[in-house]
Trainee: 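Quick one: the structure is below, and I'll ask about it shortly.
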Amino acid sequence: LIPGDLLKSGPLPKCRTCLETQSKKRAAGTSSIRKQTELEAQPGEIASVDQLVSPCDGLLLTTRGAPTKQRYRYVTFFVDHATRYIFPWFHITNNAQDTIKAKEQYEAFARSHNRTLCHIHGDNGTFSAAEFRFDALKKGQTQSFCATGAHWQNGIVKRTIGIVTTLARSMLSHAMRQWPEVVTEQFWSFAVRHAVNILNMMPRSKLYVSNHQKFTGERPPIKPTDFH
């Protein structure tokens, strides 16, 4: 605990790790006032999707047996428009089959809470591949894409990925300083997963309701006091 006299003496010192990992540089002449036009939807109906590519291999979660030599390099993020619930799916390769599998996992999660994915908004590339589009069409799902050079039109998920990676980078950097003999950059996959849990489970509205509760209709399985 911080003594009361120190709190009264002035502002608290800034966290060195947070300052180093959360600082950003904005190019001259840019603006952050652009806003993506949002479509009205019920929870689970519309999702923005994008992928995170890591330059560093990420560890897979193993609970028994010999550790696997496979490593994560990609994360597909689904962000629900109505609730801002974040669903990440980690994968080793970046092909249409893995991206479809990520969508299937999100659809299964949504169905378990009586939600149905109806529309997907994303960038061109993997999400405009014939296999991915055929899978969406087969399930009665519509798609929309960003215009060329207009990635801000997918701002919902891109902003979310930025928040997740900034939080994960701060936690990972702090852990590496505290336990350099064990924690390495390959733990980024755990840091990203933990950051997503924090953002989903923490109350983020005046009604003190979390994104998890908005999407699932259930109380979060993790309490805010459980986060460290």
Side-chain angles (χ1 to χ4, degrees), residues 15-25 47-80 84-110 120 122-123 125-127 129 131-132 151 154-202 211-212 215 220-222 226-228:
C15 171
R16 177 182 173 184
T17 300
C18 291
L19 290 176
E20 291 179 351
T21 57
Q22 298 183 12
S23 58
K24 298 180 180 178
K25 181 180 179 181
S48 286
V49 60
D50 200 7
Q51 289 184 331
L52 167 68
V53 182
S54 173
C56 176
D57 292 339
L59 294 174
L60 276 69
L61 176 63
T62 54
T63 57
R64 61 183 178 179
T68 178
K69 294 183 179 180
Q70 293 182 319
R71 295 291 183 267
Y72 289 132
R73 291 298 298 271
Y74 308 93
V75 189
T76 299
F77 283 88
F78 293 85
V79 180
D80 178 58
R84 292 299 191 271
Y85 184 84
I86 310 167
F87 183 90
W89 186 257
F90 297 76
H91 40 110
I92 300 170
T93 60
N94 186 30
N95 51 40
Q97 291 79 14
D98 282 337
T99 307
I100 291 173
K101 183 178 180 181
K103 185 168 77 73
E104 290 173 346
Q105 294 297 322
Y106 176 68
E107 292 166 346
F109 174 79
I120 305 169
D123 295 338
T126 304
F127 307 109
E131 293 179 62
F132 189 90
H151 296 291
N154 203 17
I156 290 178
V157 66
K158 290 187 179 297
R159 173 61 175 165
T160 299
I161 293 177
I163 294 173
V164 169
T165 53
T166 299
L167 181 57
R169 186 165 55 243
S170 298
M171 294 188 293
L172 182 58
S173 178
H174 178 74
M176 291 173 64
R177 286 182 175 179
Q178 298 299 318
W179 205 0
E181 300 84 6
V182 175
V183 182
T184 66
E185 292 179 349
Q186 291 189 331
F187 280 79
W188 70 261
S189 52
F190 292 87
V192 167
R193 197 183 303 272
H194 186 53
V196 169
N197 284 337
I198 291 176
L199 295 173
N200 279 336
M201 305 300 174
M202 292 290 287
N211 296 348
H212 174 88
F215 188 92
I222 304 175
D226 294 332
F227 293 113
H228 301 284

Trainee: Looking at every heavy atom in both Ile120 and Val49, which two are closest together, and how far apart are they?
Mentor: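 Looking at all heavy atoms of both residues, the closest pair is CG2-CG1, 3.5 Å.
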Trainee: For Gln51 and Thr126, which heavy atoms make the closest approach, and how far apart are they?
Mentor: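 The answer is OE1-OG1, 3.9 Å.
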Trainee: Can you classify the ring geometry of His212 versus Tyr85 as parallel (below 30°), tilted (30 to 60°) or perpendicular (above 60°)?
Mentor: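 Tilted.
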Trainee: Taking Tyr74 as the fixed residue, which of Leu52, Val53, Asp98 is the one that meets the side-chain contact (heavy atoms from CB on, under 4.5 Å) rule?
Mentor: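 The passing option is Val53.
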Trainee: Between CE of Met171 and CZ of Arg169, what distance do you get to the nearest 0.5 Å?
Mentor: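 Atom-to-atom, Met171:CE and Arg169:CZ are 11.0 Å apart.
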Trainee: Quick one: CG on Asp50 to CD1 on Ile161, what's the gap to the nearest 0.5 Å?
Mentor: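 Rounded to the nearest 0.5 Å, the CG-CD1 separation comes out at 4.5 Å.
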Trainee: So that I know where these two stand, are Phe109 and Phe78 an aromatic pair - ring centroids less than 6.0 Å apart?
Mentor: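 They do not qualify: ring centres at least 6.0 Å apart.
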Trainee: To the closest 0.5 Å, what do you measure between CG (Leu60) and CZ (Phe190)?
Mentor: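 Leu60 CG to Phe190 CZ: 8.0 Å, rounded to 0.5 Å.
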Trainee: Identify the two heavy atoms, one from Ala168 and one from Ala195, that lie closest to each other, and give their separation to 0.1 Å.
Mentor: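 Smallest heavy-atom distance, with atoms named: N-CB, 4.0 Å.
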Trainee: Any sub-3.5 Å donor-acceptor pair from Trp188's side-chain atoms to Asp57's backbone N or O?
Mentor: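 Present.
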Trainee: At what distance, to the nearest 0.5 angstrom, does OG1 of Thr68 lie from CG of Leu61?
Mentor: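 Result: 11.5 Å between the selected atoms.
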Trainee: Any heavy-atom pair between the side chains of Ser48 and Lys158 that's under 4.5 Å?
Mentor: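 The answer is no; the side chains never approach within 4.5 Å.
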Trainee: Measuring only between side-chain heavy atoms, which start at C-beta, is Ile156 closer than 4.5 Å to Arg84?
Mentor: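 The answer is yes; the side chains approach within 4.5 Å.
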Trainee: Using 0.5 Å steps for rounding, measure from the OH atom of Tyr72 to the CG atom of Leu59.
Mentor: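 Rounded to the nearest 0.5 Å, the OH-CG separation comes out at 10.0 Å.
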Trainee: I'd like to know whether Gln105 forms a side-chain contact (heavy atoms from CB on, under 4.5 Å) with Phe87, so could you lay out the CA-CA distance, the side-chain angles of the two residues, the decisive distance to 0.1 Å, and finally the verdict.
Mentor: CA-CA 9 Å; Gln105 294 297 322; Phe87 183 90; 4.0 Å; yes
Trainee: For the residue pair Asn94 and His91, what are the closest heavy atoms and their distance?
Mentor: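 Distance-wise, the nearest heavy atoms are OD1-CE1, 4.2 Å.
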Trainee: Give, for atom CD of Glu107 and atom CD1 of Ile100, the distance between the pair rounded to the nearest 0.5 Å.
Mentor: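 Going from CD on Glu107 over to CD1 on Ile100, the span is 10.0 Å.
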Trainee: Is there a side-chain contact between Lys103 and Phe132 (heavy atoms, below 4.5 Å)?
Mentor: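 Of all side-chain heavy-atom pairs linking Phe132 with Lys103, at least one is under 4.5 Å.
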Trainee: So do Val192 and Phe90 actually touch side chain to side chain, heavy atoms under 4.5 Å?
Mentor: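 In short, these two side chains touch, coming nearer than 4.5 Å.
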Trainee: Between Val164 and Phe77, is any pair of side-chain heavy atoms under 4.5 Å apart?
Mentor: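 SC-SC contact between Val164 and Phe77 confirmed.
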Trainee: Indicate yes or no for a side-chain donor-acceptor contact from Asn154 to the backbone of Gly122 under 3.5 Å, with no hydrogens or angles considered.
Mentor: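 No; judged by distance alone, with no hydrogens or angles, the pair does not exist.
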Trainee: Nearest heavy-atom pair of Glu185 and Cys56: which atoms, and what distance?
Mentor: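 Result for this residue pair: CB-SG, 3.7 Å.
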Trainee: Of all heavy-atom pairs between Thr184 and Leu172, which one has the smallest distance, and what is that distance?
Mentor: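 Distance-wise, the nearest heavy atoms are O-CD1, 3.7 Å.
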Trainee: Who passes side chain to side chain donor-acceptor pair (under 3.5 Å) against Gln97, sequence neighbours left out?
Mentor: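 Testing Gln97 for side chain to side chain donor-acceptor pair (under 3.5 Å), a comparison that skips the adjacent residues, returns Glu131.
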